[in-house]
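By convention in this document, chain letters (A, B, ...) are assigned in the order of the sequence lines, proteins followed by strands, and residues within each chain are numbered from 1. Nothing here was measured: the structure is a model prediction, and the numbers come from that model.
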Protein chains: 2
Amino acid sequence: MSDGTQIRIDLDASTPVNRQIVDQIRTLLVEGVLPPGADLPSVRRLATDLGVHFATVADAYRTLAEEGWLEISHGRSARVLPRRAPAADREADELFRRRLRQLVAEARSQGVSAKKIASELDSLAKGMTP
Amino acid sequence: MSDGTQIRIDLDASTPVNRQIVDQIRTLLVEGVLPPGADLPSVRRLATDLGVHFATVADAYRTLAEEGWLEISHGRSARVLPRRAPAADREADELFRRRLRQLVAEARSQGVSAKKIASELDSLAKGMTP
DNA sequence: TATAGTGTTTATAAACAGTATACAGTGAGC
DNA sequence: GCTCACTGTATACTGTTTATAAACACTATA
């Protein structure tokens with residue numbers, strides 16, 4: 001992640017910028033694009049790339065640190081931690097199911113075709129097993 | 001939807017209540033649980049059931065009306081409109097793909113198993129074709 | 001034409017998001 | 001050791017959003 005090209009911020013979106021950053025970096029972490037030991041760009045660097053204030057990026061880093069993904073300490077750049085997934089949780093399962101249903105409903109509502117949605121779900125499911 | 005049992009609000013969630021209501025009702029609309037012509041509960045009634053202020057529910061109804069799902073007019077109860085899905089939109093497709101990726105990543109991060117996720121994606125994809 | 005129902009409007013308080021600025025720790029090079 | 005350029009932190013401040021409250025206005029019906 002030497003450049004910020006993998007993250008895109010939409011200032012007009014209804015989801016706040018700090019959460020956009022958290023969500024997108026978390027995705028890279030889960031997918032292994034940012035492996036344990038990797039250094040993240042400094043808050044100022046990433047903020048400049050994204051066109052937001054560095055405090056907003058710092059806030060996002062803090063959130064990810066609280067989730068156990070990052071080690072952040074004063075004066076040093078943020079680093080990806082090795083992280084074991086927390087224990088499975090019935091509540092998290094249920095929440096995922098509901099949010100997935102809602103996301104699909106919203107997509108349909110916006111005109112995304114059933115075929116397209118099914119194919120995205122399928123391809124993601126296929127890539128899931130490893 | 002004579003009772004509010006199909007909607008559940010989490011006051012501690014990070015997503016605001018008005019959006020929780022919108023998302024859940026939209027899901028019912030897309031899935032046909034609330035068919036065109038159906039009357040929705042009054043804002044006061046639903047608000048009481050959910051434990052929030054009726055202005056919050058009114059705000060949610062207004063959002064769904066702007067999306068073309070509901071007809072609301074002063075003094076009469078909200079009613080579900082027949083609604084044709086908007087034209088497919090490449091941007092909406094892309095946004096759906098990204099948000100789906102992020103949702104899955106978040107679930108994994110919270111300990112939902114790959115198997116569980118894959119099975120949810122699968123079963124949703126299967127039920128998609130109609 | 002009451003009256004009990006509906007959603008709307010305006011005002012308010014609290015929480016949140018984003019920024020600016022001053023601060024403090026770290027480490028490489030001198 | 002010192003310095004300098006880099007890191008993240010803390011506090012204060014602004015505008016926005018969220019949720020509520022209360023007064024309002026429209027509709028249906030008895």
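Between Phe54(A) and Ser42(B), the residue anchored nearer the 5' end of DNA chain C, judged by the nucleotide with its closest heavy atom, is Ser42(B).
End-to-end axis angle for the helix from dT1(C)-dA30(D) to dC30(C)-dG1(D), using five pairs per end and rounding to 10°, comes out at 10°.
Applying the side-chain contact (heavy atoms from CB on, under 4.5 Å) test to Ile9(B) and every residue at least two apart in sequence or in another chain returns Ile7(B), Leu11(B), Val17(B), Gln20(B), Ile21(B), Gln24(B), Leu50(B). Under the salt bridge (charged side-chain N to carboxylate O under 4.0 Å, His left out) criterion, Asp93(B) pairs with no residue, sequence neighbours left out. For Ser119(A), there are no side-chain contact (heavy atoms from CB on, under 4.5 Å) partners, not counting sequence neighbours. Residues passing the side-chain contact (heavy atoms from CB on, under 4.5 Å) test with Ser113(B), sequence neighbours excluded: Lys115(B), Lys116(B). In terms of the salt bridge (charged side-chain N to carboxylate O under 4.0 Å, His left out) criterion, residue partners of Asp122(A) (sequence neighbours excluded) are, by chain and number, Lys126(A). Residues meeting the salt bridge (charged side-chain N to carboxylate O under 4.0 Å, His left out) test with Arg79(B), sequence neighbours left out: Asp39(B). Looking at residues two or more places apart in sequence or on another chain, you find a salt bridge (charged side-chain N to carboxylate O under 4.0 Å, His left out) between Glu94(A) and Arg97(A). Residues passing the side-chain contact (heavy atoms from CB on, under 4.5 Å) test with Leu95(B), sequence neighbours excluded: Arg99(B).
One can place CD of Gln20(A) at 12 Å from C1' of dA17(C), the figure rounded to the nearest angstrom. To the nearest angstrom, C1' of dT19(C) lies 16 Å from CD1 of Ile9(A). Atom-to-atom, CG of Asp12(A) to C1' of dG18(C) comes out at 15 Å; the value is rounded to the nearest Å. Distance CG (Leu11(B)) to P (dA15(C)): 14 Å, rounded to an integer number of Å. The interatomic distance linking Arg45(B) (CZ) with dG5(C) (P) rounds to 12 Å, in whole Å. If you take CG of Leu46(B) and P of dG5(C), they are 17 Å apart, rounded to a whole angstrom. Following rounding to the nearest Å, Ile21(A) (CD1) and dT19(C) (C1') show an atom-to-atom distance of 13 Å. At whole-Å resolution of the value, CZ in Arg79(B) and C1' in dT6(C) are 12 Å apart.
A salt bridge (charged side-chain N to carboxylate O under 4.0 Å, His left out) check over residues 12-24 of chain A, counting only residues at least two apart or in different chains, returns the pairs Asp23(A)-Arg26(A).
Under 4.0 Å is where a charged nitrogen must lie from a carboxylate oxygen, and between Glu31(A) and Arg101(B) at least one such pair does.
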Please list, pair by pair, any protein nitrogen or oxygen found under 3.5 Å from a nitrogen or oxygen in nucleotides 11-18 of chain D.
unit_1, atom_1, unit_2, atom_2, d
dT18(D), OP1, Arg19(B), NH2, 3.4

Any chance you could list the contact pattern along nucleotides 23-30 of chain C? Use B for base contacts, S for sugar-phosphate-only contacts and - for none, protein heavy atoms under 4.0 Å, 5' to 3'. -BBSS---
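Leu100(A) and Met128(B) end up in the same hydrophobic cluster when Ile, Leu, Val, Met, Phe, Trp and Tyr side chains are linked at under 4.5 Å.
You'll find that the side chain of Val43(A) is closest to dG8(D), out of dG18(C), dG7(C), dG8(D). Closest to the side chain of His53(A), out of dT7(D), dT8(C), dA20(C), is dA20(C).
No hydrogens or angles considered: a donor-acceptor pair under 3.5 Å links the side chains of Arg76(A) and Ser73(A).
An OP1 or OP2 oxygen of dT8(C) is reached within less than 4.0 angstrom by a side-chain nitrogen or oxygen of Arg62(B).
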